[in-house]
Each structure stands twice: as structure tokens, then as C-alpha cells.
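Worksheet for the structure shown next.
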Amino acid sequence: MKRLRLLAVLSFVLLLIAACGTAGDEPEESEGNGDAAAESDEPTGLLAAVQDAGVLRVSTDPAYPPQSSITKSGEYEGFDIDVATEIAKRLGVEIQWETPSWDVITAGNWAGRWDVSVGSMTVTPERAEVLEFTPAYYFTPAAVAVHEDNTDITDTESGLDGKTIGVCGGCTYESYLEQTLEIPGYEIDVVIDDASVKAYDTDSSAIAALELGDGTRLDAVMSALPTLEGAIDKGKPIKIVGEPVFYEPLAVAIDKNAPEDPVPLAEEIGRIIEEMHADGTLSELSMKWYDTDLTKET
Amino acid sequence: MASVPITVRRARDALEARTARVPYRVKLALVWVVIFVVLAVLFLSYGFDTDFMLEWAPFILGGTGITLLVSVCSIVLATVLALIGALARLSKNPVINGVASLYVSAIRGTPLILQITFVFLAFPQFARFAPTYMEGAFLLPAIPAGILALGVNYGAYMTEIFRAGVQSVGHGQIEAAHALAMSPTQTTRRIILPQAVRLVIPPTGNEFIAMLKDSALVSFIGVSELFFRASKVGQQNFRAMETLIVAAAMYWLVTSVFSYFQAKLERKMARGYVRETSHGH
Amino acid sequence: MATDVITIQQLDKHFGDLHVLKEVSLMVQSGEVVVLFGRSGSGKSTLLRCINFLEEPSSGVIQVGDLRVEVGPALRARREKIRQIRERCGMVFQEFNLFPHLTVLENVIEAPCTVKGEAREKASKRAMVLLERVGLAEKAKEYPIRLSGGQKQRVAIARALAMEPDIMLFDEPTSALDPELIGEVLAAMRDLARDGMTMIVVTHEMGFAREVANRMVFMHEGQLVEEGPPSQIIGSPADERTRRFLEAVL
């Protein structure tokens, strides 16, 4: 009995503390979201939080060179890494990396664990529901590769119809092949019909499956052109067929459900990206990592 | 036996006769060596890049410390939870027992990977109900979040192990203690728990060894442990086979070392229960 | 010197629908050796276990010395009385119930040290005397698993004696033993009886009963049917049921 009473008292006290805590927070919150504050030049929402903390927390999945990869000393490098670092620099804050799995990043609801994703993320309607996107900072050509022994597939227009094509599960290529891909503000022309789509956990798993032989597991893999070229450079027995099938706009994303209002930060980073487009920083970084300028829509 | 062709059987008998003086253990080791050699040849012919492995091994194996850290912290947390859980499950108080049984049931009824994700992503959402100074406790960094999830998960399984341990102390033991005028508390402390602890130490060791391997799941939330490093390095270089084998070798080594100590501990703990003349296993 | 150390009045015990003890009353005097016997299921073990409240009686009164406990809720005062009764009643079980994680010596000193707060050294000294008495002093450092059944039961007797009880309760102490080991346990019990220990023994050992018991009590279906000195009970049982049981065991 005594113990029960103690428990009851304890839980009551906890509730009280919680109630006081939220009550105390409320005025601050309404101030932060208020229109009066938004109209002034003072940063608000997540932007203010980032600047107060002096740190921009960026998520990256370091499995995708040349966008993002891990070095032998455990540091991260790549195009996305450089872009993110430059954004942080222009925001006047330090940068800190988080490396959750890619599915976790694209699903949104980051629970305030990190502030932005600079991860070559394609803008899709589903993602746009949970994530706030900035204007694209570059475009990835989506291409198709086949095993080097293959001779009958020569173009993407008709050669791939009805073939078994490997992709990374949940990626844009999967929706593209399933003819469900929509990119807000862009038109997608689907040229491959009736493909049998096989989803893998990552692009490299799909490439590894293609590597087993022409038609053994897969007839082709659809992925980002740089990823496929990287695999060829690493000696994978595959070759690229035809022209890129579409160009994906890739943007910085911010959790719409962030504890603080994400819009001011999205706008500020959007402004920085336009600036980096204009002053040639992005083109320069693209040349550094891709040997070609992918920052302009082709 | 009848299906073995006569020539094979004869060859085997001849081999057995000729190697009769070679100790069994040596034969066993030889079998392993042969398998390793065959595997090595297979891998090398597949185009196994050993230089690449050596080049990246230091970085990948650098994750071993984090794997051990996560596993050790998690098993400590799990042991504490299991002890509380087991005593609660044996309690006659419906509130205490209800909370404990719900904990065990819910945790055992959901996948570990889901729990890890939950602690990482859903748990922080509760921060908004907490006072400001407590928000940090909800927004745990990846490593503590992983430890919390693993510890809570293993705690639920170990609750049942601990409970079974306490329950398997015979009723006669409790009666004997009571007949000697020992109070329920004295009986629990002096008679039941010391016997239960001996019973649960071997399974707890097994849980720890399982934990070493399950800790790979926290790579999902970005903890840079052994498996995380192996899989990321493998993916980015299209050499997953090589990097995963480096990680596998380390997992195997670590679990083998712990299994060895676990077996020793088990033998030591069996003192008082096993006659020295009989062979443990 | 004929004081009653144990008084059992109107004791009833139900296990669910089973009525195991039916208004049993029994008095045992100081220094008396009482043998309870009867078929299995007759309630003799339950009666013994009610004396130190290993079983909670359904109704009735138990008095051990000046400690009188009636059936009722487990209040603190009542629990304390039961604990004191247990201090006064040593018990020996059919299955020995030695503590396997403790050595023989530790088994014997466990209760004196834990319950009475006796110093380990002092308790050990006394324990060695008791182990000497049951002929097992040289096994003091062994764990129970290394002992034979007979040795285990003698350690159990020493363990019960270490609490310096007024009464010893024996619940079929030789039933789990190989025949060749029964003798050593009975010898230890005989030795105790000779020293004037008050004993209640549930047993089928009629030889032991005839030689050592002051009184024999025959139980049948939860009731005391017949009691008297061994010569009378074994020699010329008055009740038909007693006679038939004795014919079967003798």
C-alpha cells in the first residue's frame, strides 16, 4: 500500500513538473511563431535555432561517392559534403554530420536529430509532403547500364522494354520504371515500358547483382550516371547504354515537422544556393567531383 | 552407413587406422584449415582484392571499440532492467506485475530494428511534453539511443531468463529456509538469489555474445561501429564482399574470445552442483 | 517435568475441496518422542507442516511452549510469533533440502548467523561440534552434491540442531534413502532421542518406532484414529484400520 501511494505521488509530481514546463514554454513559442517577429529581419524558427547553436547538423549517407563517402581516417568527402560545408560557412556556423540510414532521412520526421539533408535528394511529391525543399543545387542524369557481355540492348528507347532492371528500393528510379514518378515543376517522359523492376537496398547491391552476368539476375541497372561511371572506374564489368533517360533535380531538404519552423532556414539556404549557382561555386565543385558541370538542367 | 560405397568405406577405415595416433583435436583443426584454404582459393579466384582489404582494414576494425562499447553498456542496462523486471514479474502486486508483463510482451512482440528506430525517431517527439530542461534526455545522440534500445530489448528477454532462474530454485529450498526461521527477505537474499545468479550467468553470457552481433543493427541510425564502417566502405567502393569479410572476421574473433571466457565462467559457476568426476559440457 | 510443549487444538486443513485434516487435536510433552504413521495421504505430513506453519491451517490453534497462534490474517505480530515458533522447531525434510550453493559448514551456520546474528566464528565452532556428533566433521568443507543421501540427511539434522530448537520435526526422513543408508540416519535420530530431545517423527520405520517412540499415533483420512505406547499399538492395535495397515507394513 505504502509503495503504491509513493508511486501515485511521484507520478503526480512528474505531471506537475511537465505541466509547468509546457506552460512556461508557451509564451516563447507564440512569440517565435508570431507574425510580428517574422516581419522583422531577426532570424526565426529553425534558422534562429541553428544560428544560436552555431552548428548546422547535416545528415549524409556516406555510401555514394562522389557525392558522399567515408575516408580511411573516418572523415566524409564528396560533392554533397563540400556543398553542405559551403552552406554552413555562408550561414556562419560550424558543421556537424549525422549518418542515419537513407530511408530514415527520406521518411522525414527527423525529430530534431539533424537540421538539413544535403544528400542529392530528388524532389518527389511524396517527399515534398514531409520535407521542405530548396531549389535544386544540381541535377543528376539517370542512366541505364548493362553487363559488358550484353549485345542486344543498345538504346533506352525500346531495348529495355520488358527487361529485368535493378534499382535501389524507394529511389526515384524505381518509381520511374513503375511509371509513377512525378517531380514537382518538371515533366518526366517515360521511355521504358513493362520493365520487371527488382529493388535492392542500395544502388551498389543492384550493380553487384548485374555483375554476376548478363541476364543472370538482372538485364540492366538504372541509377545515377555518376554512380554507374564510378562503378565502371572501379572495374565493374558493366557499360552504359544510350543517353540519360531523365534529369533529376536534387535539392537540400528540411523536415517539415521540425520542432522549430523550418521555412526560414529553407528560404535562407535557398538564397545561398542561388548565390552559389550565380557565383560559380557549384559549377566549380561539380567539375571537381564529377569532371562535368551538372548544376545546369540539360 | 549402408549407402556408403564399399571402396569409400575401406579408404576411410584405412585412413582411420593410419591416423589413429593423431589427437582428435588436431584432426578437427585440420578440417578447419582445409575449409579455410578452399574458401580462400574461391575468394581469390572471384577477384578478391586483398590489397583493398588491407588498406581499409584499420578504419573498419576501428569500429570494434564502438561495437564493444555499445554491447557492454547495453548488457549492463539489460541486466539491471531484467533484475527489476524479474522481481516485478514475480510480485503479487498487480500494478508492478502488470507494468513488467506489458514491457516483456510488447518488447518481445516487436522487431529490434523497429525499437531502435523508435527510440531514435519517435522517442524525441515526447520531448514536447517534457519540461525544457528535460528535453535533452529525449533527444539522445545515436550511440546512447542505440544502447537504450538494445538494453531495453535484451532486458525484456533476460527478464524471462532471470525469472526462470529464480523460479527454478526449488520450492524445497524456500521451505527449508523458512523452517530455519529465515524471513522472506533473508530467504530471497541468502538462498534464492545466490542460486538464481549461478543459474542465469551462463545464459546472460550467451545473451552478451548475441548482443555483440545484434549491435550491428545500430548502424541503421548512423552509429559508426564495425558493421556500419564495413557496409559503407563496401558500398562506396563496390567491394562489399571484402569489407564485410573483414568485419565478419572481427565479429567472429570477438565472439570466440568471449565464448571461451563464457565457458570457463560456466564451469566455475557450476561448482557445488557438479561432481568433479563428471564431465561438464 | 511433564509440560506440554506442543498443543494442537481442533486443527482443520483444506486443500481446495480436499479435507486433509479433520479437527485434529494432539499434545506432545517435553522429552517425548511421538511417531506419526499411516497411509500416504492420511494427512500426517500436513499435520507436521502445520506445526511450524509451512502449511497455513484452515482453522484451529497451534501452541508451541508459550507461543499460541490462531488462524487469522498475516499481521505483523502473528508473523513474528510464527517466526519464533520456527526458531523453536527444527525440521528435517524427506528430500534433505540442503542449500547446494553452500558448503556443509555454511549450511549449518547459515541460520544462526543470518537469523540470530551470531558471529561466524562462534557459529562455526558450534557447527563443528554438531557435525562431529552426526559423524561428518571431515565433510565440513564439501558441497552437498558430493555427499551420499545418508550424509546429506545427517547434515540436515545438524543444520536444524544449530538453531538450538526445543522440538525436532522429522518428515519421513528416511523415505528418499537407499536401504543401506537408512541405518546411519536412524542412528543419529536415536542418539537425539536418548539426549531427551522432544521429537515428532513421521515414518514407516516400525523398528525405529518400537525402539525409540514413547507414543505412536495412527492417522487415517485426516483423523487421529488410535494412539498409545508402541507395545500396545504394534502388539495389539484396537482399531481395525490400524491393524490392517500394520499387517501391510510389517
Side-chain angles (χ1 to χ4, degrees), chain A residues 1 3-4 7-8 14-15 17-25 28-29 59-74 76 78 97-101 103-105 107-114 201-205 207-208 211 227 230-236 257 259, chain B residues 46-47 49 52 55-60 62-63 66 91 93-96 99 113 116-136 138-142 145 217-224 228-241 243:
Chain A
M1 269 314 269
R3 249 179 268 163
L4 254 175
L7 247 157
L14 272 175
L15 273 172
I17 294 173
C20 291
T22 39
D25 281 347
E28 277 172 51
E29 252 173 57
S59 64
T60 188
D61 185 6
Y64 296 94
Q67 299 160 13
S68 170
S69 63
I70 207 163
T71 68
K72 282 172 201 126
S73 55
Y76 305 116
W97 302 105
E98 294 286 332
T99 53
S101 117
D103 308 343
V104 174
I105 300 173
N109 286 309
W110 302 337
R113 291 204 158 274
W114 57 88
D201 59 339
T202 61
D203 299 72
S204 48
S205 305
I207 292 168
E211 198 187 337
T227 307
I232 293 166
D233 285 348
K234 293 255 157 68
K236 299 280 134 177
N257 203 16
Chain B
Y46 156 88
D49 193 340
F52 172 81
E55 203 181 311
W56 280 95
F59 172 68
I60 295 171
I66 296 180
S91 159
N93 181 321
V95 177
I96 293 173
V99 169
I113 188 77
I116 291 172
T117 318
F118 185 86
V119 170
F120 190 65
L121 290 178
F123 201 54
Q125 317 269 5
F126 299 129
R128 61 187 63 174
F129 303 114
T132 327
Y133 61 88
M134 274 179 70
E135 269 170 21
F138 289 89
L139 199 64
L140 291 172
L217 287 170
V218 301
S219 63
F220 189 70
I221 57 173
V223 176
S224 181
F228 176 90
R229 293 181 181 208
S231 68
K232 296 295 174 190
V233 170
Q235 281 174 39
Q236 71 191 28
N237 293 289
F238 302 96
R239 290 243 165 261
M241 186 75 117
T243 57

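First the proteins, then the strands, lettered A, B, ... as listed; each starts at 1.
Between chain B and the options A:Ser101, A:Ser68, A:Ala208, the largest number of non-hydrogen pairs under 4.5 Å is found for A:Ser101. Among A:Gly230, A:Ser205, A:Ser69, A:Ser73, the residue with the largest count of heavy-atom pairs under 4.5 Å with chain B is A:Ser69.
Atom OG1 of A:Thr227 is separated from atom CD of B:Gln235 by 11.5 Å, given to the nearest 0.5 angstrom. In this structure, the separation between CZ on B:Arg229 and NZ on A:Lys72 is 14.0 Å, given to the nearest 0.5 Å. Expressed to the nearest 0.5 Å, how far CD of A:Gln67 lies from CD of B:Gln236 amounts to 11.5 Å.
The shortest side-chain heavy-atom distance between B:Phe238 and A:Asp203 does not fall under the 4.5 Å cut-off. With a 4.5 Å cut-off on side-chain heavy atoms, A:Asp61 and B:Lys232 count as touching.
For chain A, the nearby parts of B:Leu121 are the backbone and the side chain; heavy atoms of each come within less than 4.5 Å. When heavy atoms are compared at a cutoff of 4.5 Å, B:Phe120 approaches chain A by way of both its backbone and its side chain. Only the backbone of A:Thr71 comes within contact range of chain B, with heavy atoms under 4.5 Å apart. Of the atoms belonging to A:Thr202, it is side-chain heavy atoms, and not backbone ones, that fall under 4.5 Å from chain B. At a 4.5 Å heavy-atom cutoff, the contact between A:Ile70 and chain B is made by backbone and side-chain atoms alike.
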